[in-house]
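First up is the structure itself, then whatever we jot down about it.
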Amino acid sequence: MPLITASGLRMHFGGPVLLDGINVKVEPGARIGMIGRNGTGKSTLLKLLAQKFEPTDGSVVVGPGTRVAYQSQELDFEPGRTVFQEMERAFATHRAMQEELRGVEEAVADAAGDDERRPLLRDLERLQAEQEQAGVYDIERRIESVLSSLGLPESAWHQPMDGFSGGERNVIGLARVVLSDPDVLLLDEPSNHLDMEGVEWFIDFVKKSKAAIVMVSHNRHLLDAVGKEIWELRRSRVTAWTGNYTEFTRQKAEALARQERQFKAQQRLIERIEFQARRMKDMANAYDDPGQAKRAKAMLKRVERMDKVERPDDNERTFGAAIKSAGRHGRIALSIRDFSFAYDERVLFDGAELEIEYGDRVCLVGNNGSGKSTLFSQILEEGGWDNRTLRLGKSVNVGDYRQLREELDERETLEDWAIRTTRQPPKQAVQLLHRFLFTREDLARSIGTLSGGEKSRLQLAKLVHDDVNFLMLDEPTNHLDIQACEQLEEMLQDFAGTLFVISHDRYFLDKLVDRVVEVKDKKLVAHPMRFAPWWQQKVADGEFGRHTALRDRRKEGVEKEDARLAFEDRRTRQRELNRLRNRYRDLEQRITKLEDRVGDMEARLESAYGPGHDPEAAETLVRNLRAGRTELETLYADWESVAAALED
C-alpha cells in the first residue's frame, strides 16, 4: 500500500500553472530523486506531498498512521533554543514515555501493599520493554552521533540557533528529521551544505534507513549512490524513470532517440500519404472522377486520425556564454608561504604553504569549518604581487565566485547591476543577462528577490564579462540545477587559464581537477592526483575524521549496549533512591508515633504503682515500655542507616 498518493495535482500561485496533472506514489522503501531546472516546481511538489500546501486541484493522501518528516531549505525554529534542544524536539514521544515510566515507578514505591503493587509492576515491565524497543535510553548518543557525523562540532551543540548561518541551519534541520525516525522522509537539497564526509555519512544513512525517501537534489553522486527512481519535473509534469541518475540519463537518451526515429518514420509515412492524396485530387479534377476525390479525402482523414508522435524536444534553454581568458600569466599563479591565521584563539592555519602554476586545475578540500573559504577570502582581500605570504602572479587577473555573495547589493535591480558591471549602455548591458536566462520581465527585479540559483547565474555572468586568467570558485554548483552544473562544467573545461575551486560536488571535481589540496592539521597538503583516486585512497586508508556509530555497525552495537546498561544503571539508582526516600518517610512517621506512645507510657508509669492500682497492670506497662524503647532504638538505627544512604 502506498505511503503517499498524489492524484491529479494542479498548482499555481495566481500566475502561470506550475504543476499540472501530477500523479505519483511513494511506496515503502522508495529511494526517489527529484530533478529538474530551477523554478520548475520541485520544492512546491515536495511541500504538497508534505501537506504544507493545499493544491489548486487534485489531492494528496497520506496512509493511515504514516509518519512524514519534511526538511525544507529554511529551518523553522523557536528563537533562543539551542541546537541540542532543537534535536530533542524529535524525541517528544520518547520523553513522554520517560515521564509515564517515572510516574509508574513512583506509584510502585508509594503502593500500600502487594495487591496494589502487582498491577503497577506489570505496567512498569511493559513500559520498560517499550522504551527499550524505542531506544529511549539511547537519545543523547543518537543526537551526538548524527550532529558530529553531519559536521557540526561539539562546541556548537549548546549554542542558540539564532547565531547560525543559513547553511548551518540547513544541516541542523537535516539532523532533526533524520533523528525523528519517520516512515517517509521528504528532503529538499539535503546535501547542499554538507562537506564530503557528511555526504558519505548521509549516503550510508539512506542505504540503511527503513524510511521511504523522496529528495530534491542536484548532487549526481548522491543520486547515483542511493537512487532507485528518478522523478524528472519538466513542463509542469513528472516523468518517472527507474534506476539511479546514470540509468536515467541512459534511458532518457534512448527514449529520445527512439522517439526521434518514430517521429521521422511517421513524418515520412504522412508525406507519402499526402503526396498520394494530392495526386488523386489532381486526377479527380482532371478526369472529373468523384471516386478518386473520395479516396483522396479518405487518405487525408487517415492522417488526421493518426496518433501523432511528438517531435522530441530536449532543447533546454542554455547559457549562451563562454569564460574568456585574459591571456597567459607567468609561471606562478599563486604562492603561499608560511601562512597563519586565527579567529580569536581558534587557529585555522599555522605555517601553511602551497604553489599553483599556470594551467593547474586544483580543488581545495577539507571538513566544514577547516578554513577553506577563509583562505579564499584572505587571498582575494590581501593577496598581491608584493605580499610575500599570499603572492599572486604579476600578470594574474583573478575572477572569483564567492559562496556568501557579499559583493551583491540586494537593493540593486538587475538592469542597474548589468549597466554598472559592463559599463555599457542599457541595451548592450542587458544582453549579458539574457545570455544567462534572465528575461525582460526580470530587469526591474531587485537582487534580493532572486533565488539562490538565479544569484549563482548572476555571478557566473560577471565571470563571463570580466577578462580573467585565474578563477577562484567557492562552491559554484551549490544552488545550480543539474543542467546548469553541466553547462558550467563545459564552460570551465574550455577555459584556458588556471582554476582553484572549493566544491563538494564529486561529479564536478572528477571532470575538472587534476590536483587535490587538502586542509589538514592546519596545513595545506598537496596530492598530485585527480580527485577520484585521491578519494579512493582516503577511504582505503580509513582517514575519515568523524568515525561514527552509524558508519561502523560493530561499534554501534557496543555503544548501544553501553548506553542501554548506563540507562538501566541510572534507572536502578533512581528506583533505589525512590525506595530510600519512601523508607525514610515511613521510618520518620513510625518513630514519631512510637515516641508519642513511649512518652505516654512513661507518663503513666509513675502512677501505675500507686495505691489502689493493679500490680499486674503495672508490670505489663513496664514490659510494653521496655519493648517500645527497644523498638525505638532499632528504628533510630534504621533511620540513621537510610539517612546515610540518601546522603551518599
Discussion item. Could you work out, with side-chain hydrogen bond (donor to acceptor under 3.5 Å, both in side chains) as the rule, every residue matching Trp157, not counting sequence neighbours?
Written reply: none
Worksheet item: Is the closest basic N to carboxylate O distance between Glu454 and Arg445 below 4.0 Å?
Response: yes
Worksheet item: Does the Arg169 side chain pair with the main chain of Asp162, one donor and one acceptor, at a distance under 3.5 Å?
Response: yes
Worksheet item: Could you walk me through whether Asp474 and Ser373 pass the side chain to side chain donor-acceptor pair (under 3.5 Å) check?
Response: CA-CA 7 Å; Asp474 188 356; Ser373 294; 2.7 Å; yes
Discussion item. Please enumerate all residues that pass side-chain contact (heavy atoms from CB on, under 4.5 Å) together with Thr66, with sequence neighbours excluded.
Written reply: Leu3, Val62, Val68, Asp183, Val184
Worksheet entry | Side-chain ion pair, Arg10 and Asp20, N-O less than 4.0 Å | yes
Worksheet item: Under 30°, 30 to 60°, or over 60°: which ring-plane class applies to Phe205 and Trp201, parallel, tilted or perpendicular?
Response: parallel
Fill in: Stepwise side chain to side chain donor-acceptor pair (under 3.5 Å) check, Ser72 with Asp188
CA-CA 5 Å; Ser72 70; Asp188 197 350; over 6 Å; no
Worksheet entry | Under-4.0 Å salt bridge between Lys208 and Asp204 | yes
Discussion item. I need the Glu86 CD to Arg81 CZ distance, nearest 0.5 Å.
Written reply: 5.5 Å
Worksheet item: Which of parallel (below 30°), tilted (30 to 60°) and perpendicular (above 60°) describes Trp534 and Phe531?
Response: tilted
Discussion item. Out of the candidates Leu46, Ile4, Leu45, only one should pair with Val214 under the side chain to side chain contact (heavy atoms under 4.5 Å, CB included) rule; please name it.
Written reply: Leu46
Worksheet item: Can you tell me if Glu197 and His504 form a side-chain donor-acceptor pair at under 3.5 Å?
Response: no
